[in-house]
Amino acid sequence: MTNMARAEALTRLEESIDQCRSLKGGSTDTQDFKVWHRNTSVALRYIFGEQSDHLEEFQNISYTPWVYVSGMTDADFRPPYEAGLNRAEAMLLSMHEEIEEFWKEDRKTESRDLAPETQRTGSGDRVFLVHGRDDGAKDSVARYLAELGLGVVVLHEQPNRGRTIIEKFEDYSDVGSAIVLCTGDDVGSLRGAEEDMESRARQNVIFEWGYFVGKLGRERVFALVAEGITRPSDYDGVIYVPFDASGAWRLLLGQEMRAAGLPIDLNQLGRR
């Protein structure tokens with residue numbers, strides 16, 4: 001049932017409950033909320049299992065209005081946000097009581113020292129998000145993937161645990177697919193043509209892009225490319241999804257991912 005000892009599971013839930021209470025008065029757009037929601041989802045997956053009702057019920061909690069209309073203000077978003085947090089708090093408290101009452105003291109596994117993501121092998125519903133320095137674009141894509149019910153791995157949000165960057169990258173790259181977000185963070189040109197500087201993705205983005213193409217195959221790696229970005233010449237001929245300001249990329253990317261066999265339902269957009 002669980003990959004975690006009883007005492008550790010109780011501690012994780014207590015931390016999540018305390019963080020939930022501290023979020024009241026904020027909004028879903030804050031980094032604190034996003035980190036809390038993602039970390040709690042990971043903890044529940046680690047405690048109760050990938051297919052548990054506990055995880056599904058938590059992830060189905062809504063923090064936003066069911067219907068959006070023109071002219072809505074921040075005050076309109078506050079009640080559903082607070083109601084969602086109250087429901088999450090009550091749910092986490094119930095899980096805490098369940099563990100206290102029904103779990104035995106010696107629940108643990110041999111692999112409990114591993115990070116939650118590294119204990120699962122090639123999970124088809126987990127996506128590694130490769131990104132540069134555009135945090136706004138990164139957050140938009142991560143939120144979109146979460147709306148589709150996919151687990152999102154963002155490398156810098158994972159614990160280091162004394163590892164080098166490449167070791168950490170390898171440990172967390174055991175995923176079913178990857179999204180490569182190319183934004184114009186760098187500029188460059190051919191030697192001798194410095195007057196023709198071009199917008200480019202960062203070198204780490206290109207490296208990780210090639211890594212996942214080799215690991216997962218081209219059909220499982222999806223490139224989101226901002227306007228005006230120079231694309232790698234070795235990767236010409238593949239399908240790119242334009243990362244446009246209008247948001248049309250959301251439907252196009254979803255269609256490409258579904259065509260590749262990812263377990264997504266585009267009807268879930270806006271419901272989480």
Side-chain angles (χ1 to χ4, degrees), residues 31 34-35 38-39 42 114-118 120-123 125-146 148 150-191 193-194 196-245 249-250 252-253 256-257 260 262:
Q31 187 67 15
K34 296 170 186 175
V35 171
R38 186 171 297 132
N39 288 348
V42 170
L114 296 176
E117 291 82 359
T118 63
R120 301 188 303 278
T121 306
S123 177
D125 64 351
R126 288 192 305 123
V127 181
F128 194 105
L129 177 54
V130 177
H131 64 89
R133 290 186 173 178
D134 190 330
D135 288 338
K138 176 201 70 179
D139 290 343
S140 294
V141 177
R143 187 163 54 247
Y144 166 76
L145 296 172
L148 292 176
L150 299 170
V152 187
V153 177
V154 179
L155 190 62
H156 74 84
E157 295 178 357
Q158 312 306 323
N160 291 322
R161 296 172 53 237
R163 293 169 292 188
T164 64
I165 291 295
I166 190 63
E167 289 171 338
K168 180 179 175 182
F169 175 69
E170 290 174 341
D171 285 347
Y172 285 98
S173 66
D174 192 12
V175 294
S177 58
I179 304 293
V180 181
L181 177 58
C182 296
T183 52
D185 302 311
D186 288 354
V187 293
S189 70
L190 292 174
R191 184 184 297 275
E194 286 77 7
D196 298 322
M197 301 291 279
E198 299 173 328
S199 238
R200 297 178 177 178
R202 289 186 59 77
Q203 291 179 324
N204 74 286
V205 172
I206 303 302
F207 169 79
E208 293 171 23
W209 189 352
Y211 176 91
F212 280 114
V213 168
K215 181 181 179 70
L216 304 175
R218 285 181 299 170
E219 69 280 359
R220 285 276 174 166
V221 181
F222 309 93
L224 273 173
V225 182
E227 296 178 356
I229 302 299
T230 300
R231 299 178 300 195
S233 59
D234 286 350
Y235 212 47
D236 280 343
V238 303
I239 297 175
Y240 296 83
V241 175
F243 188 69
D244 59 309
W249 62 269
R250 293 164 60 88
L252 294 174
L253 177 61
E256 291 293 338
M257 295 169 69
L262 271 71

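Computed from heavy atoms alone, side chains included, the values below leave out hydrogens, waters and symmetry copies. Counting from 1, the numbers follow the sequence of the chain as shown.
Atom NE2 of His131 is separated from atom CG of Asp139 by 9.0 Å, given to the nearest 0.5 angstrom. Taken from CD in Glu256 to CD in Glu219, the straight-line distance is 12.0 Å, to the nearest 0.5 Å. The CD atom of Gln31 sits 7.5 Å away from atom CG of Asp135, with the distance rounded to the nearest 0.5 Å.
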Discussion item. Please determine whether side-chain contact (heavy atoms from CB on, under 4.5 Å) holds for the pair Lys215 and Glu170, giving the CA-CA distance in whole Å, both sets of side-chain angles, and the decisive distance to 0.1 Å.
Written reply: CA-CA 11 Å; Lys215 181 181 179 70; Glu170 290 174 341; over 6 Å; no
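Paired with Val180 under the rule side chain to side chain contact (heavy atoms under 4.5 Å, CB included), one option of Val205, Val225, Leu129 passes, and it is Val205.
Pairing each heavy atom of Val127 with each of Leu150, the nearest pair is CG2-CD1, 3.9 Å. Looking at every heavy atom in both residues, Ala226 comes nearest to Thr183 through CB-CA, 4.2 Å. When all heavy atoms are compared, the tightest approach of Arg163 to Tyr172 is NH2-CE1, 3.2 Å. Nearest heavy-atom pair, Trp249 versus Asp244, reported as atom, atom and distance to 0.1 Å: N-OD1, 3.0 Å. Of all the heavy atoms in Arg202 and Gly132, the pair that sits closest is CD-CA, 4.3 Å. Shortest non-hydrogen contact noted between Val152 and Leu145 is CG2-CB, 3.6 Å.
With a 4.5 Å cut-off on side-chain heavy atoms, Phe222 and Val241 do not count as touching. No side-chain heavy atom of Phe243 sits less than 4.5 Å from a side-chain heavy atom of Leu253. Between Tyr211 and Val130 there is no side-chain heavy-atom pair separated by less than 4.5 Å. Side-chain contact between Val175 and Arg220 is absent, with no heavy atoms from C-beta onward closer than 4.5 Å. His156 is listed as a side-chain neighbour of Lys138, based on a closest heavy-atom distance under 4.5 Å. When side chains are defined from C-beta on, Cys182 does not count as touching Tyr240, because their heavy atoms never get closer than 4.5 Å.
The six-membered or imidazole ring of Phe212 lies near that of Phe169, with a centre-to-centre distance under 6.0 Å.
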